[in-house]
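Reviewing the structure listed below.
Computed from a predicted structure; not experimentally measured.
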Amino acid sequence: MNAAIRAVVRTAISKGHQVLGIYGGYSGMLEQRAEELFLRSVANIIQRGGTVLKTGRCAEFMHAEYRTKAAAFLKSQNVTGLVCIGGDGSFRGATALYKEHGIPTVGVPGTIDNDVFGTDLTIGFDTAINTAVDAIDRIRDTATSHERVFIVEVMGRNSGHIAVNVGLAGGAEEIFTPEFPMALDKVVEKLKNSQSRGKKTSIIITAEGQKPGRAYDLAEQLRKRAGIEAKVCILGHTLRGGTPTVGDRVLASRMGSAAVECLQLGHHGVMIGVMKNQLIRVPLEQVAAGQNQLSKEYLELASILAN
Ligand code: F6P
């Protein structure tokens, strides 16, 4: 997200605006944790993971009285436009600030889950899947040396975008996603067949779904049903850091700059999305109500290629 912050600050200043950075997301807005940002404030951050503005979830923002307090703070600072970088939760807050208090708001999709409606890509997704595939390649080295079955769990909350991309790119034999549940009996049968053919090494990717750590449940099921002693590796929060890829830096720079252009042109209450590499504007209300649906294409391809 740092590349997006840098692009917002430098584009806004290039157009003669002043920029106020809010630290800690909506909680920081409520606590009035803010300071003016200058060209030099965002020097040397494009290559850094995470966000220099800090972030966090804010349960209070579910309640109108807190949103009123936040809007009052923004108005007290003469804020004439708000750029909100985050996922669908952040956009629900941004939509409310726009509709309830008339704060001109533009959203920039930043989450590793890639599950935001209205955009092919979210900032952080490309870096997360590259980080995951690097880890899976390392796991494959030890799995093939020891002829073992590994279950690798990736983040994504209720979406399987990370799982299917890293499963396909990592050559996984099986990929479990929340969107397309698989019958465990079929997976067990396939693993048994592989082992009977002398293919003792398998990499199974599972999205965390609602329950981080579900990979252990899966391993237990394989042990009980087939006597397979699978090893488990949970990538977890390692997917949330690291040096951003070129793809993410370019995407974030384009989206951050476009967000300022939108505010300048009076296009409020929208998110900057990308479709077929073209930037588009998507009404925030549609974004908050939707989700980037996972297609089965990658799963079917991975299943063919992993035999
Ligand atoms: O939404 C991004 C995400 O990384 C999810 O993939 C994950 O389930 C969740 O955040 C973890 O949240 P936290 O860091 O608050 O535990």
Check: S194 and R197 side chains under 4.5 Å, non-hydrogen atoms: yes
Go through the steps for L30 and C58 under the test side-chain contact (heavy atoms from CB on, under 4.5 Å), then give the verdict. CA-CA 10 Å; L30 290 169; C58 179; 3.9 Å; yes
Cluster check V19, V108: I/L/V/M/F/W/Y, side chain < 4.5 angstrom: yes
May I ask you to decide if H161's main-chain N or O and N114's side chain share a donor-acceptor pair within less than 3.5 Å? no
Might you work through the side-chain contact (heavy atoms from CB on, under 4.5 Å) test for T11 and K15, ending with a clear yes or no? CA-CA 6 Å; T11 303; K15 294 176 179 298; 3.9 Å; yes
Determine the minimum heavy-atom distance between R10 and L39, stating which atoms define it. NH2-O, 2.9 Å
Are side-chain heavy atoms of F73 and K69 found at a separation under 4.5 Å? no
Contacts of E285 meeting salt bridge (Lys or Arg N to Asp or Glu O under 4.0 Å) (sequence neighbours excluded), chain-then-number -> K99
Using the rule that Ile, Leu, Val, Met, Phe, Trp and Tyr join whenever any side-chain heavy atoms are under 4.5 Å apart, tell me whether L239 and V152 fall into a single cluster. yes
About how many Å separate SG of C84 and CD1 of I103, when rounded to the nearest 0.5 Å? 12.5 Å
Let me check something: do I139 and V166 share a hydrophobic cluster, defined by ILVMFWY side-chain heavy atoms less than 4.5 Å apart, either directly or through other members? yes
Using side-chain hydrogen bond (donor to acceptor under 3.5 Å, both in side chains) as the criterion, list what pairs up with Y23, not counting sequence neighbours. E35
Between E229 and R148, is there a side-chain N and carboxylate O pair less than 4.0 Å apart? no
Taking side chain as C-beta onward, heavy atoms only, is T68 less than 4.5 Å from H101? yes
Spell out, yes or no, whether Y98 and L263 are grouped together once hydrophobic residues are joined by side-chain heavy atoms under 4.5 Å, including indirect joins. no
Shortest non-hydrogen contact from G242 toward T127: O-CG2, 4.5 Å
Can you tell me if R48 has over 12 outside heavy atoms packed within less than 6.0 Å of its CZ? no
Will you find, in the side chains of N158 and Q210, an N or O donor that is under 3.5 Å from an N or O acceptor? yes
Got a sec, which residues hit salt bridge (Lys or Arg N to Asp or Glu O under 4.0 Å) with D134, two or more places apart in sequence or on another chain? R138
Option among I151, V187, V164 that satisfies the side-chain contact (heavy atoms from CB on, under 4.5 Å) test with F176: V187
Kindly check if the number of other-residue, nucleotide or ligand heavy atoms within 6.0 Å of CZ (R33) is above 12? yes
Scanning both residues in full, the closest heavy-atom pair of S159 with E179 reads CA-OE2, 3.2 Å
Co-members of V246 in a cluster of I, L, V, M, F, W and Y side chains, linked at under 4.5 Å: V250
Working to the nearest 0.5 angstrom, can you tell me the gap between K200 NZ and I228 CD1? 10.5 Å
Checking T119 side chain against V274 main chain: does a donor-acceptor pair fall under 3.5 Å? yes
Does atom NZ of K75 have more than 12 heavy-atom neighbours from other groups under 6.0 Å away? yes
Whether T177 side chain and F180 backbone form a donor-acceptor pair below 3.5 Å: yes
List the steps, then state whether side-chain contact (heavy atoms from CB on, under 4.5 Å) holds for T142 with F150. CA-CA 10 Å; T142 179; F150 263 82; 4.1 Å; yes
Inspect the surroundings of CD in E31 and state if more than 12 heavy atoms from other residues, nucleotides or ligands are less than 6.0 Å away. yes
Would you give the length of the straight line joining atom CG of N130 to atom CZ of F125, rounded to the nearest 0.5 angstrom? 9.5 Å
Point-to-point distance, once rounded to the nearest 0.5 Å, from CD1 of I22 to CE of M29: 5.0 Å
Taking 4.0 angstrom as the limit, do E173 and K199 come out as a salt bridge? yes
Starting at CG of L53, measure out to CG of L37 and round the result to the nearest 0.5 Å. 6.0 Å
Smallest heavy-atom separation, G156 atom then D113 atom, equals CA-OD1, 3.4 Å
For L284, the hydrophobic cluster (side chain heavy atoms closer than 4.5 Å, chained through members) also holds F91, V116, F117, M271, M275, I280, V282, V287
Quick one: do the N277 and R254 side chains pair a donor with an acceptor below 3.5 Å? yes
Answer yes or no: is there a side-chain heavy-atom contact under 4.5 Å between V149 and T201? no
Look at the side chain of N2 and the backbone N and O of G50, then say whether any donor-acceptor pair between them is shorter than 3.5 Å. yes
Cluster check V9, I45: I/L/V/M/F/W/Y, side chain < 4.5 angstrom: yes
Can you tell me how far apart OG1 (T105) and CG (L82) are? Round to the nearest 0.5 Å. 4.5 Å
Can E174 and K190 be counted as an ion pair, charged N to O under 4.0 angstrom? yes
Counting only N and O atoms by type, is there a donor-acceptor contact under 3.5 Å from the side chain of E153 to the main-chain atoms of R214? yes
Is any side-chain heavy atom of I175 less than 4.5 Å from a side-chain heavy atom of S303? no
Any ring pair (Phe, Tyr, Trp, His ring centres under 6.0 Å) involving residues 27-70? Give me the pairs, sequence neighbours left out, ordered by first then second residue. Y26-F61
Does the side chain of H237 come within less than 4.5 Å of M155's, by heavy atoms? yes
Kindly determine whether V83 and C262 satisfy side-chain contact (heavy atoms from CB on, under 4.5 Å), including the steps that lead there. CA-CA 10 Å; V83 176; C262 266; over 6 Å; no
Taking the side chain as everything from C-beta on, heavy atoms only, tell me whether I204 gets closer than 4.5 Å to L191. yes
Between R223 and E220, is there a salt bridge with N-O shorter than 4.0 Å? yes
Over all atoms of both residues, closest heavy-atom pair of R140 and I203: NH2-CG1, 3.6 Å
Looking at every non-hydrogen atom in both residues, tell me the closest pair between L251 and L121 and how far apart they are. CD2-CB, 3.9 Å
R67 side chain to M62 backbone, donor-acceptor under 3.5 Å: yes
For the residue pair H17 and Q264, confirm or rule out a side-chain donor-acceptor distance under 3.5 Å. yes
Do N165 side-chain atoms and I129 backbone N/O form a donor-acceptor pair below 3.5 Å? no
